[in-house]
Amino acid sequence: MPPLPSYEDALSRVLAAIPAPLPRRTRELRFAFGATLAEPILADRDQPPFNRVTMDGYALHAADIVPGVRLRVVGEVPAGAEPDINITAGQTAKVSTGAPLPPGADAVIRHEWTTVSADQGFPEVAFTINSASPGDCVHPQGADARASQPILNTGARITPITLAIAAGAGVTRAQVIAGPPIVHIISSGDEIVPSQTPTATLRPSQIRNSNSEMLQAAIPAFGASLRDSELIPDDPHTTVESVDRALSAADVLVTIGGVSAGEHDHFPAAFKKAGVQTIIHGVAIQPGKPVLIGRRPNDGALVVALPGNPVSVLAVMHLFLWPILRHLAGAPSDLPWRPARLAGETNAKPTRALYRPAIEIEPGLVEVPQWHGSGDLIHASRTHGLIEIPPASAPIPAHTTLRFLPYPSRTAAPPDVAP
Ligand code: AMP
Ligand code: MG
């Protein structure tokens, strides 16, 4: 077995294998916020699709409105109804905002300008205005756009407004360029249950899906967009199906757990089956050694497979996922490493670099909480970033200057209160 690559080597291999920024691709627009349309979006029908009533009131012939007139109410058209009445001269129908204007009518008088009374059992409407014009309180069919006309042009940015315009024409997916990488998360493990599972229903062997909460919260801080997060059992068929689906819908599939060499670790085989080529599998780091990163050449979809222990997820998402997402977004992939001194002597390992959650007790001075293994995330609760402890055969003395990677500011703990 060749020795595992160092973190630096592995990351440069990964970045060199990923063309950036993201290519043109078809995406769900709501996750492509900030991207640019690579194709126009056309109206699927006239906008509005019918003569739309814009006020609660009475639909009628505008020419009927003369001083003292009373019109007979012959029906009602609420929003969402297809009108089955024809309004002739001298008649009116009660209508609601958003309803189609009934045929025959050419205007609506708002109900505030009317008084309704009954005459021989028939309701009649009188008016507090003396005249009306055709088109009053009607938004005519096709006034905003005609069917097949572009309502958004190539180059339009995906914003809340353009999302709504596209959705109004039934378009929720389209070709886009640039914008945030879209991430899909798959957590795995027969022992993992949804994080909302109440204690009373948990078996002792079951573990709540805490990792996906951490990852989901970090995705926006890494400049990316979260599409979905799902949980699957340790089952080869489910793994293959979920991986396939996620790779087609997202730019980056992040998986949690199931990436080591155990017989219940199904991700590596599923990636292979989906056409993913491995860029790295295994890095000389602790935690996070089994990390796998690969790319599917035909569409450029990436996988970043994290080992399941929570501190491994914490370390690898900062060390690899963060620069990869920055790179895909077209930003510089460099992370904000800076020098920091160790407050106390710290253990090292001869064969692997250690990435330990650390507390910045004052600017440039870090304390490394006692390590309880990569399963214990609680010891990291007050930490501000990762300190890199290079391979060494003896403990690293206090005051040694090393590299420190602060978490992105949105996800870091507040500045430490001195003990
Ligand atoms: P694995 O990488 O699948 O071998 O998992 C390593 C350890 O991490 C096991 O103890 C798992 O129970 C735990 N683990 C895996 N996935 C999660 C998760 N989503 N949330 C919390 N713990 C997890
Ligand atoms: Mg597992």
Side-chain angles (χ1 to χ4, degrees), residues 4 10 183-199 201-219 221-222 224 226-243 246 250 252-273 276 278 280-294 303-322 352 354-357 371-381 383 386 407 411:
L4 294 176
V183 174
H184 184 105
I185 298 173
I186 304 179
S187 312
S188 73
D190 286 340
E191 78 282 30
I192 309 296
V193 296
S195 53
Q196 322 81 289
T197 309
T199 307
T201 66
L202 277 177
R203 283 188 279 112
S205 60
Q206 292 181 314
I207 296 289
R208 290 194 184 90
N209 189 358
S210 56
N211 283 338
S212 108
E213 303 289 329
M214 176 159 61
L215 252 177
Q216 289 184 58
I219 297 302
F222 293 163
L226 177 71
R227 176 177 181 269
D228 206 356
S229 178
E230 62 180 306
L231 169 61
I232 61 170
D234 288 321
D235 168 67
H237 301 292
T238 316
T239 309
V240 166
E241 278 171 23
S242 298
V243 162
V252 183
L253 164 61
V254 182
T255 63
I256 303 173
V259 73
S260 307
E263 65 179 284
H264 299 294
D265 293 328
H266 300 298
F267 279 121
F271 297 152
K272 202 163 172 191
K273 208 157 181 186
V276 171
T278 302
I280 54 158
H281 190 183
V283 182
I285 58 176
Q286 189 208 50
K289 179 174 141 197
V291 56
L292 185 159
I293 296 171
V303 295
V304 178
L306 317 179
N309 270 308
V311 190
S312 311
V313 172
L314 174 72
V316 177
M317 77 183 195
H318 286 100
L319 295 173
F320 286 99
L321 185 60
W322 188 12
R352 287 196 259 167
L354 311 183
Y355 294 86
R356 295 280 184 255
W371 178 246
H372 294 145
S374 55
D376 168 30
L377 189 64
I378 293 171
H379 88 286
S381 67
T383 62
L386 300 172
Y407 307 140
T411 61

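None of the values given here were measured: they were computed from a predicted structure. For ligands, and for the atoms within them, numbers begin at 1 and follow the listed sequence.
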Got the closest protein heavy atom to atom 5 (O) of ligand 1, with its distance? G308 CA, 3.8 Å
Has R208 got any heavy atom lying under 4.0 angstrom from an atom of ligand 1? yes
For atom 19 (N) of ligand 1, the closest protein heavy atom turns out to be N209 OD1, 2.7 Å
Best match, G375, S210, G262: closest heavy atom to atom 21 (C) of ligand 1: S210
Any heavy-atom pair between the side chains of H184 and E230 that's under 4.5 Å? yes
Heavy atom of the protein closest to atom 10 (O) of ligand 1 (residue, atom name, distance): N309 OD1, 4.3 Å
Contact between G258 and ligand 1, counting heavy atoms under 4.0 Å? yes
Should one rank I186, L231, N211, I185 by closest heavy-atom distance to atom 22 (N) of ligand 1, which comes out on top? N211
Do the non-hydrogen side-chain atoms of V193 and Q206 ever get within less than 4.5 Å of each other? yes
Residue pair L377 / S210, side-chain heavy-atom distance below 4.5 Å: no
Between T255, D234, I232, which is the residue that forms a side chain to side chain contact (heavy atoms under 4.5 Å, CB included) with T239? I232
With atoms numbered from 1 as shown, which atoms in ligand 1 lie under 4.0 angstrom from a non-hydrogen atom of E191? 9 (C), 11 (C), 12 (O)
Looking only at the side chains, is there a donor atom on one of N209 and S195 sitting less than 3.5 Å from an acceptor on the other? no
